[in-house]
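One structure is given below, encoded as C-alpha cells.
Treat the numbers as computed from the prediction; the structure is a model and nothing was measured. Just so we're on the same page: letters track the sequence lines, and every chain starts at 1.
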Amino acid sequence: MEVDQQLDVICRGTVDVIPREELAEKLKSGGSLRVKFGVDPTAPDIHLGHTVPLTKLRQLQDLGHTAVLIIGDFTARIGDPSGRSATRPQLDEAAVRAAAETYQDQVFKVLDRQRVEVHYNSTWLAGLDAQAMVRLGAQTTVARMLERDDFAKRYREGVAIGVHEFLYPLLQAHDSVEVRADIELGGTDQTFNLLLARQLQKAAGQAPQVAVVLPLLEGTDGVQKMSKSLGNQIGVSETAEEIFGKVMSISDDMMLRYYELLTTEDLAALRAGLDSGSQHPMEAKKNLAEILAARFQGGDAAAGARAGFEQRFQKREIDADSIPEAVLARADLPDRLPQLLRAIDGLGVASNSDGRRLVKQGAVRIDGEVVRDEEVELSAGVTYLIQVGKRRAVRLRVS
RNA sequence: GGAGAGGUACCCAAGUGGCCAAAGGGGGCAGACUGUAAAUCUGCUGGCUUACGUCUUCGGAGGUUCGAAUCCUCCCCUCUCCA
C-alpha cells in the first residue's frame, strides 16, 4: 500500500502521532516495522477500552508490520500510575501470572497470531541490579516527571505519589530499547511514557520510536473512561447478549466514537448516511453491536444476540430461550416476595430491602403480571416466569 | 526533624454535640416516554422488619456525655510549607 494510504489508516482515530514526519520516513524505507504495544496484566479481563490500541495494532499487522506485544509482568507488579488519581495497588506474582495468561487468550481475538512477537518484560527487567536502576533513574529528572499530567494533578491536589511510581515510566521506556521498537501504541495517558522511550532509545544509539497516541474510550456512561472499577465497561469475555445490549445502551454520539475507534467501517459514509436519513441511527447501532459481539464471541452468537434483542425490546417480548432457569423446593420458598426474589440467583437482588423497593416500584412481574403485593403463594410443580425490570428474568420451577 | 491541613456511604463532596442512615452531584436501579438498554422527566439508592421499629456505619482503638461523624487521648494513613 502507498505510504499516504498507510498514513491515513494509521492516523484514523488517533489523538496524536509524534512525530508524524518520522512515521512517514519509516514507512517509506519499506520493510516491516516493529510496533510495540505493552499491556500490564493487572486485571484478569480486558474490556473494549483496551482493544482500541489492539484494533490499531491489528490494522498495522494487516499493513504488513510486526506486532511486538509486551506482557508487562514485571511492571504490573509496580502498578502503572498512568491516568491514575491514586496509587495502584501492587500485585503479587501469582496474580500477575494468571492474569497474563487470560490476557493473551483475549488479545488474540483481535490480533493476527501469525505476525506477533510476545515478550514478558520480566525477561530483562527482573535481572536489573541496583546500579542499572540508578543509571536508568539518571536518564530523567524529577521536574520532568512532575510535568506529567497525572503526577502534576495528584501533586497539586495533594494525592499521594509513591517514589516507585516514578520508576514505572522508565521501565516501560526501557522495554522499547530492549525490543527495538519503531512505533509504540498507547492511550493518551501513556504519552509521557511513549516519549520517554524516545529519549532512552536515542541514548542507546537507536532510532527513536514514533508514538501513536490513541484516545481513551469512554465507557457505557459516555462520560468517564471505560474501566472496570467504574462499572462502565464492556468486557470482551462477556456473553454476546451482554456485549450487544451494552453497546445498544450507549448514546448516539458515543456510537460514532466506537465506530471510529473499534471498527474499520467507513466513517464518512456512515456519517453521511445518518445525516441524510438513509441510515437509521438504531440500525447503525445494532450493526455496531453485532460487529463487536461477533469479534469476541463469534458470528452465530452475535446474530443470536441481535435477534434476541429485537425480540425482547422492540417487540417487547422476552426471548424465551435465553432465560435462565432456577429450581427451588416448595418448602424452601420464602412466603414474601422480597425474600423470594433475593433467594433466586440471577435476578441480581442484593437484599430483602432491595427486593422490597423493586416490588414497590412495580418492577416485578410474575407470568407477565405486575405484582405489588408482597404476599405470594407459589404452588409446587409449577414453573413461573419471574421478571425484575426489563432486563432480568428467571424461570422458576417450584419442586 | 518543625509547623499546619485532612481521612465521611460505590465515587466526589457537605455536615463540626441531639432535628444524621448523614445535604448536593455523579454512578447504579426502577417507572414514564421512545427508533434503542439513547435523550428527557419522576422515584429509589445501609441491613433486618408486613409494619411500628430496630441494628450497624463517618480512618483505627479507647474516653467524655443522658446523647458523638461532630469534643478529648493515643495510633495509622495522606497532603502542604519550612529544614
Using atom [atom1] of [X] as one end and atom [atom2] of [N] as the other, report the distance to the nearest whole Å.
X        : N     : atom1 : atom2 : value
A/Arg392 : B/A30 : CZ    : C1'   : 8 Å
A/Leu288 : B/G35 : CG    : P     : 21 Å
A/Gln387 : B/C29 : CD    : C1'   : 16 Å
A/Phe309 : B/G35 : CZ    : P     : 14 Å
A/Tyr258 : B/A38 : OH    : P     : 13 Å
A/Lys285 : B/A37 : NZ    : P     : 9 Å
A/Met255 : B/A38 : CE    : P     : 14 Å
A/Met254 : B/A37 : CE    : P     : 18 Å

Where protein sits on nucleotides 47-59 of chain B, one letter per nucleotide: B base, S sugar-phosphate only, - none, heavy atoms under 4.0 Å: SBBSS--------

For A/Leu347, the rest of its hydrophobic cluster, which grows through side-chain links under 4.5 angstrom: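 Noted: A/Leu347 shares its cluster with A/Leu328, A/Leu333, A/Leu337, A/Leu340, A/Leu341, A/Ile344, A/Val349, A/Leu358, A/Val359, A/Val364, A/Ile366, A/Val371, A/Val376, A/Leu378, A/Val382, A/Tyr384, A/Ile386, A/Val388, A/Val394, A/Leu396, A/Val398.
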
Other cluster members, A/Val370 - Ile/Leu/Val/Met/Phe/Trp/Tyr, side-chain contacts below 4.5 Å: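 Besides A/Val370, the cluster holds no residue at all.
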
side-chain hydrogen bond (donor to acceptor under 3.5 Å, both in side chains) contacts in which one or both residues fall within residues 332-341 of chain A, not counting sequence neighbours: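 Every pair satisfying side-chain hydrogen bond (donor to acceptor under 3.5 Å, both in side chains) with a residue in residues 332-341 of chain A: A/Arg336-A/Glu374, A/Arg336-A/Glu375.
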
Short side-chain donor-acceptor distance under 3.5 Å, [Y] and [X]:
X        : Y        : answer
A/Thr220 : A/Asn232 : no
A/Glu22  : A/Gln209 : no
A/Ser351 : A/Ser353 : no
A/Asn287 : A/Arg306 : yes
A/Glu101 : A/Gln106 : no

Work out how far the [atom1] atom of [N] is from that of [M], and round it to whole angstrom.
N     : M     : atom1 : answer
B/A9  : B/C58 : P     : 9 Å
B/C19 : B/G67 : C1'   : 13 Å
B/A61 : B/G7  : C1'   : 16 Å
B/C66 : B/G17 : C1'   : 12 Å

Nucleotide paired to B/G27 in any strand shown, Watson-Crick or G-U, under 3.5 Å: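 The answer is B/U45, by the H-bond criterion.
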
Pair assignment for B/G35, Watson-Crick or G-U wobble, requiring both distances under 3.5 Å: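 B/G35 is unpaired by these criteria.
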
5' priority, RNA chain B, between A/Pro281 and A/Ala363 [closest heavy atom]: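 Nearer the 5' end of the strand: A/Ala363.
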
Heavy-atom donor-acceptor pair, A/Gln361 side-chain to B/G31 base, under 3.5 Å: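 In this structure, the two groups form no donor-acceptor pair.
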
Salt bridge (charged side-chain N to carboxylate O under 4.0 Å, His left out) against A/Glu117, all qualifying residues, sequence neighbours excluded: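 Counting only residues at least two positions away or on another chain, A/Glu117 forms a salt bridge (charged side-chain N to carboxylate O under 4.0 Å, His left out) with A/Arg34.
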
What pairs of nitrogen or oxygen atoms, one from the protein and one from nucleotides 77-83 of chain B, lie under 3.5 Å apart?
unit_1 : atom_1 : unit_2   : atom_2 : d
B/U78  : O2'    : A/Gly158 : O      : 3.3
B/C79  : OP1    : A/Ile161 : N      : 3.4
B/C79  : O4'    : A/Gly158 : O      : 3.0

A/Phe166 and A/Phe151 aromatic ring geometry - parallel, tilted or perpendicular at 30°/60° bounds: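 Perpendicular: the ring planes of A/Phe151 and A/Phe166 meet at over 60°.
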
Touch class at under 4.0 angstrom, heavy-atom based, for A/Gly245 against every strand present: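 Counting heavy atoms under 4.0 Å across all strands, the contact made by A/Gly245 includes a base.
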
B/G31 phosphate, OP1 or OP2, under 4.0 Å from A/Lys390 side-chain N/O: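 Yes, A/Lys390 has a side-chain N/O under 4.0 Å of OP1/OP2 on B/G31.
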
Per A/Met282 side chain, nearest of listed nucleotides B/A38, B/G31, B/G35: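 From the listed options, B/G35 comes nearest.
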
